[in-house]
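Every chain is numbered from 1 and lettered A, B, ... according to where its sequence line falls, protein lines coming before strand lines.
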2 protein chains.
Amino acid sequence: MTNRSNVTKQKLLDAATEIIMNHGVHHLTLDEVAKTAGVSKGGLLYHYASKEALLTAMVERLQQEQNELYASLQQEGYGPVEAFVRLFDETKLHPERAAIQIDVEKMIAFLTLFAVDQEYANRWKEDLDAFFEQFQKTADPVETMIIRYALEGMMMSEHFGVGVPPAELKQAIIARLIERAHDIDNQSEKQ
Amino acid sequence: MTNRSNVTKQKLLDAATEIIMNHGVHHLTLDEVAKTAGVSKGGLLYHYASKEALLTAMVERLQQEQNELYASLQQEGYGPVEAFVRLFDETKLHPERAAIQIDVEKMIAFLTLFAVDQEYANRWKEDLDAFFEQFQKTADPVETMIIRYALEGMMMSEHFGVGVPPAELKQAIIARLIERAHDIDNQSEKQ
DNA sequence: CTTTCTGTACCGACCAGACGGTTTGTTTGA
DNA sequence: TCAAACAAACCGTCTGGTCGGTACAGAAAG
């Protein structure tokens with residue numbers, strides 16, 4: 001694959017991501033993606049032969065980004081559970097650390113894509129199933145899963161803007177989740 | 001409104017609900033709803049002048065069902081938080097109590113609708129915002145919100161079938177959530 | 001050196017099907 | 001008989017995808 005082709009492909013994925021984030025799934029049309037990327041529809045379909053191919057590539061790219069961020073958090077010394085919690089909040093807790101960038105908004109946007117078409121959700125399933133399996137083998141699987149679920153629920157709530165608590169309460173919630181995750185990781189290590 | 005009309009309207013809402021649950025949002029078309037309900041499209045549009053009117057009615061019906069169930073749980077003596085937890089699991093914990101029926105699958109299906117079109121989500125927003133406000137005034141708002149988020153996250157996870165824990169672990173999670181909710185309600189009452 | 005050829009990257013008109021909604025006609029029950 | 005309760009053909013729009021063509025960079029041929 002040439003360099004030029006790659007640049008265009010990234011532009012197309014960026015465009016698709018931008019649209020799904022800022023305008024919603026139902027505006028995610030081929031024409032719109034092409035227009036946003038500054039390419040014609042023909043150009044788009046040259047690189048991605050179908051809408052599904054485009055969206056699949058988009059999902060795969062995000063998946064890879066997530067994995068890399070998680071790995072880098074673990075390399076910084078965080079245990080598996082705490083690293084997971086921080087995955088959701090690193091950017092907002094430490095905006096200065098732009099290098100580590102998880103985009104919760106982006107993840108949420110993708111969730112809506114999965115909601116519409118289970119096919120795309122299934123692309124994550126294998127990876128995520130394997131990932132969450134380790135969560136069932138920590139020192140306290142019940143608490144670990146509660147932490148995990150809470151983060152996912154929080155994400156949804158924020159997305160819909162429904163029942164969103166004031167900032168201080170939200171910080172307190174995250175702080176407590178991190179605290180507990182930390183404890184669990186410590187306990188797990190001692191075993 | 002005549003009786004006959006009412007029956008057909010319920011059939012239409014049932015059909016729409018069935019489709020969104022079993023086939024996903026993108027199959028939720030007027031033709032499909034009409035066909036499932038055993039009515040022509042003309043017949044459908046006689047009762048609900050637009051797709052939006054149909055879906056709004058569908059959302060409102062669910063909303064009402066939820067409120068009734070929650071109220072009945074509270075009348076049985078459960079505190080606000082515990083009643084909320086049981087809202088998510090009453091059917092599965094006590095399948096014999098068919099009278100009290102919340103359909104988690106159904107709620108989840110509706111979430112996908114909200115994901116696609118924020119408009120429908122906004123119809124709940126006011127109600128839910130008011131509802132969750134009381135959760136910020138319990139004896140332990142942080143824990144209360146964690147419980148709430150965990151339940152919502154659990155719902156999502158089940159829907160996508162991603163990272164679903166074995167049945168025993170799931171029961172243990174719910175048991176612990178109920179336990180904590182119970183404690184919080186007790187503490188709140190003493191204040 | 002120039003002409004021809006070839007493959008990559010891209011354009012944009014067009015098409016077919018799906019879908020929401022309209023209109024017109026028909027049945028049915030009080 | 002009259003209005004409510006449907007049925008069914010039809011329409012316009014939107015959207016994913018096709019298709020014939022263009023621009024251009026290099027390789028091959030003369």
| Which nucleotides of nucleotides 25-30 of chain C have their base under 4.0 Å from a protein heavy atom (B), which only their sugar-phosphate (S), and which neither (-), written as one string 5' to 3'? | ------

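Between B:D14 and B:K9, no side-chain nitrogen of the basic residue sits less than 4.0 Å from a carboxylate oxygen of the acidic one, so the salt-bridge criterion is not met. Between A:R180 and B:E143 there is a salt bridge, with a side-chain nitrogen of the basic residue lying less than 4.0 Å from a carboxylate oxygen of the acidic one. Between A:D140 and B:R176 there is a salt bridge, since a side-chain N of the basic residue sits under 4.0 Å from a carboxylate O of the acidic one.
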| request: Please lay out, stage by stage, how B:S188 and B:T138 fare under the test side-chain hydrogen bond (donor to acceptor under 3.5 Å, both in side chains). | output: CA-CA 6 Å; B:S188 299; B:T138 64; 4.8 Å; no

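What separates NE2 of A:H26 from P of C:dA18 is a distance of 22 Å, to the nearest Å. Atoms CG (A:L54) and P (D:dG16) sit 10 Å apart, rounded to a whole Å. In this structure, CG of B:L55 is placed 12 Å from C1' of C:dG20, rounded to the nearest angstrom. Here D:dC14 presents its P atom at 15 Å from NZ of A:K51, a figure rounded to the nearest Å.
Classification of the A:F84-A:F131 ring pair by plane angle, with boundaries at 30° and 60°, yields tilted. Relative orientation of the A:F132 and A:F135 rings is perpendicular, given thresholds of 30° and 60° on the angle between their planes.
Looking only at side-chain heavy atoms (C-beta outward), A:L151 and A:M155 stay at 4.5 Å or farther from each other. Within the 4.5 Å cutoff, no side-chain heavy atoms of B:V85 are placed close to those of B:R148.
The stretch residues 30-48 of chain A touches DNA chain D through A:L30, A:K41, A:L45, each having a heavy atom within less than 4.0 Å of the strand.
Phosphate proximity of D:dC6 to B:T8: present, with a side-chain N or O under 4.0 Å from OP1 or OP2.
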